[in-house]
Amino acid sequence: MHNQQIEMDFVSDAKLAGFRLHRFELLNWGTFDKHIWKIKPDGENALLTGDIGSGKSTVVDALTTLLVPTQKITYNKAAGAEGKERNLNSYVRGHYKSEKDAENLSAKQVALRDTNNYSVLLGYFYNAGYDSHVTIAQVFWC
């Protein structure tokens, strides 16, 4: 048996490998309302922490929406949700609670925004290995 060494052209510095998220911005997404909310990991690993209900899953769902085809998204998966409790419309409208509808005796979603508003998701990625920049944005309007 003969041993061969294969030379691969990989970037040796892990910080240079691949497109890294440098900035992520949300406007009117879920309960992140009325101004631009920014996360700036600057290409580094980041840990998203907070109390229950603080919006961690909302941020993860926003980034997922930006990067994953619509038909493959399961919203609120980061929080272990199994049902269809959240969807694209609920994030764009800013649904934050349910109220009992006295007339129909059913649950009705309460939204921060009406249908005349829009949501924006923006991610800026940089690949230092190739000195290449990519910005991805989506605008949603009901």
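Sequence positions, counted from 1, serve as the residue numbers for this chain.
- The backbone N or O of His95 sits nowhere less than 3.5 Å from a side-chain atom of Ser90 that would complete a donor-acceptor pair.
- Neither Leu88 nor Leu112 shares a network with the other; the hydrophobic side chains, linked directly or stepwise wherever heavy atoms of I, L, V, M, F, W or Y lie under 4.5 Å apart, form separate groups for each.
- Of all heavy-atom pairs spanning Gly30 and Thr58, the tightest one is CA-CG2, 4.3 Å.
- Put simply, the side chain of Asn127 gets close to the backbone of Tyr130: a donor and an acceptor are under 3.5 Å apart.
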Yes or no on side-chain contact (heavy atoms from CB on, under 4.5 Å) for Lys108 and Ser98, after CA distance, side-chain angles and deciding distance?
CA-CA 5 Å; Lys108 176 184 164 190; Ser98 294; over 6 Å; no
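- Panel note: side chain Asn28, backbone Lys34; a donor-acceptor pair is recorded below 3.5 Å.
- By the 4.5 Å heavy-atom criterion applied to side chains, Val120 and Gln138 are not counted as neighbours.
- Distance check: Leu48 CG to Ile39 CD1 gives 6.0 Å after rounding to the nearest 0.5 Å.
- Contact annotation: the side chain of His22 never approaches that of Pro41 to less than 4.5 Å [non-hydrogen atoms, C-beta and beyond].
- Between Trp37 and Phe32, the angle of the ring planes goes over 60°, which puts this pair in the perpendicular group of the 30/60° scheme.
- Using a 4.5 Å cut-off on side-chain heavy atoms (C-beta onward), Leu63 and Leu21 make contact.
- Using a 3.5 Å distance cut-off with no hydrogens or angles, the side chains of Thr65 and Tyr75 do pair a donor with an acceptor.
- Residues Lys56 and Thr49 share a closest heavy-atom pair of CD-C, 3.6 Å.
- The closest side-chain heavy-atom distance from Phe19 to Val134 is below 4.5 Å.
- Separating the CG atom in Asp33 from the OH atom in Tyr96 is a distance of 10.0 Å, to the nearest 0.5 Å.
- Just one of Arg23, His133, Arg20, Glu25 meets the side-chain hydrogen bond (donor to acceptor under 3.5 Å, both in side chains) condition when paired with Tyr124; it is His133.
- The nearest pair of heavy atoms linking Thr74 to Asp61 is O-OD1, 4.4 Å.
- Environment of CG in Asp114: crowded, with over 12 heavy atoms of neighbouring residues, nucleotides or ligands closer than 6.0 Å.
- Residues Tyr91 and Arg113 come closest through the heavy atom pair O-NH2, 2.9 Å.
- The neighbour count for Tyr118 OH, taken as heavy atoms of other residues, nucleotides or ligands under 6.0 Å away, does not exceed 12.
- Under the 4.5 Å side-chain contact rule for hydrophobic residues, Val60 and Leu27 do not share a cluster.
- Across Asn76 and Ser57, no two heavy atoms sit closer than the pair OD1-CB, 3.3 Å.
- Hydrophobic clustering (side-chain heavy atoms under 4.5 Å, transitive across Ile, Leu, Val, Met, Phe, Trp, Tyr) keeps Leu122 apart from Ile36.
- Of all non-hydrogen atoms in Asn117 and Trp141, the two that sit nearest each other are O-CD1, 2.8 Å.
- The backbone N or O of Leu121 lies less than 3.5 Å from no partner atom in the side chain of Trp29, so there is not a single donor-acceptor pair.
- At least one side-chain heavy atom of Leu66 sits under 4.5 Å from a side-chain heavy atom of Phe24.
- In the hydrophobic clustering of this structure, Tyr126 does not group with Ile136; members are Ile, Leu, Val, Met, Phe, Trp, Tyr whose side-chain heavy atoms approach within less than 4.5 Å, directly or through other members.
- Counting heavy atoms from C-beta outward, Ser119 and Val139 have side chains that stay 4.5 Å or more apart.
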